[in-house]
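Just so it is clear, the structure is predicted and the values come from calculations on it, not from any experiment. Because only heavy atoms are used, hydrogens play no part in the values below, and waters and symmetry mates are left out as well, while side chains stay in.
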Amino acid sequence: DMTGANLSGASIVNTNFASTIMKGANLTNVRGNNPDFEGADLEGVDFTGAELVGPDLEEASVANLIAPAVSFTGAELDGATGRGANFSEA
């Protein structure tokens, strides 16, 4: 359980967060390639300014995700669910 974790500015290359509960975590300005968030609970996670290549968000819960000014190049979103996600300026 990583609820409320602060990973701001972290490098998350090939990091496995699959099926992890990350509600309200701070992932602002993270950088990385191929992070795996498949099936993760990302409700309310703040990805502001994140630059991720190939993130796997399949089957993830992205309700109320905060993601303005992000770059999710090549993101996999099949089956992702949620309401209220903010992808402004993405």
Item to check | side-chain hydrogen bond (donor to acceptor under 3.5 Å, both in side chains) between Ser8 and Asn6, worked out | outcome: CA-CA 6 Å; Ser8 180; Asn6 184 358; 4.5 Å; no

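If you look at Phe37 and Phe72, their ring centroids are not closer than 6.0 Å.
Taking Asn14 as the reference, Asn34 meet the side-chain contact (heavy atoms from CB on, under 4.5 Å) condition, with sequence neighbours excluded. Not counting sequence neighbours, the partners of Thr15 by the side-chain contact (heavy atoms from CB on, under 4.5 Å) test are Ile12, Phe17.
Of the inter-residue distances, the one linking Glu43 atom CD with Thr81 atom OG1 reads 10.0 Å to the nearest 0.5 angstrom. Annotation: the span from Leu42 atom CG to Ile66 atom CD1 amounts to 12.0 Å, rounded to 0.5 Å.
Closest of all the heavy-atom pairs between Lys23 and Asp41 is CE-OD2, 2.8 Å. A pairwise comparison of heavy atoms in Met22 and Val45 identifies O-CG2, 3.1 Å as the closest pair.
Cluster membership for Val13 and Leu7, using ILVMFWY side-chain heavy atoms within less than 4.5 angstrom, is not shared. With hydrophobic clusters built from ILVMFWY side chains whose heavy atoms lie under 4.5 angstrom apart, Ile21 does not share a cluster with Phe47.
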Show me the side-chain donor-acceptor pairs of residues 48-63 shorter than 3.5 Å, one per line, residues at least two apart or across chains.
{"unit_1": "Thr48", "atom_1": "OG1", "unit_2": "Asp46", "atom_2": "OD1", "d": "2.5"}
{"unit_1": "Asp56", "atom_1": "OD1", "unit_2": "Glu58", "atom_2": "N", "d": "3.0"}

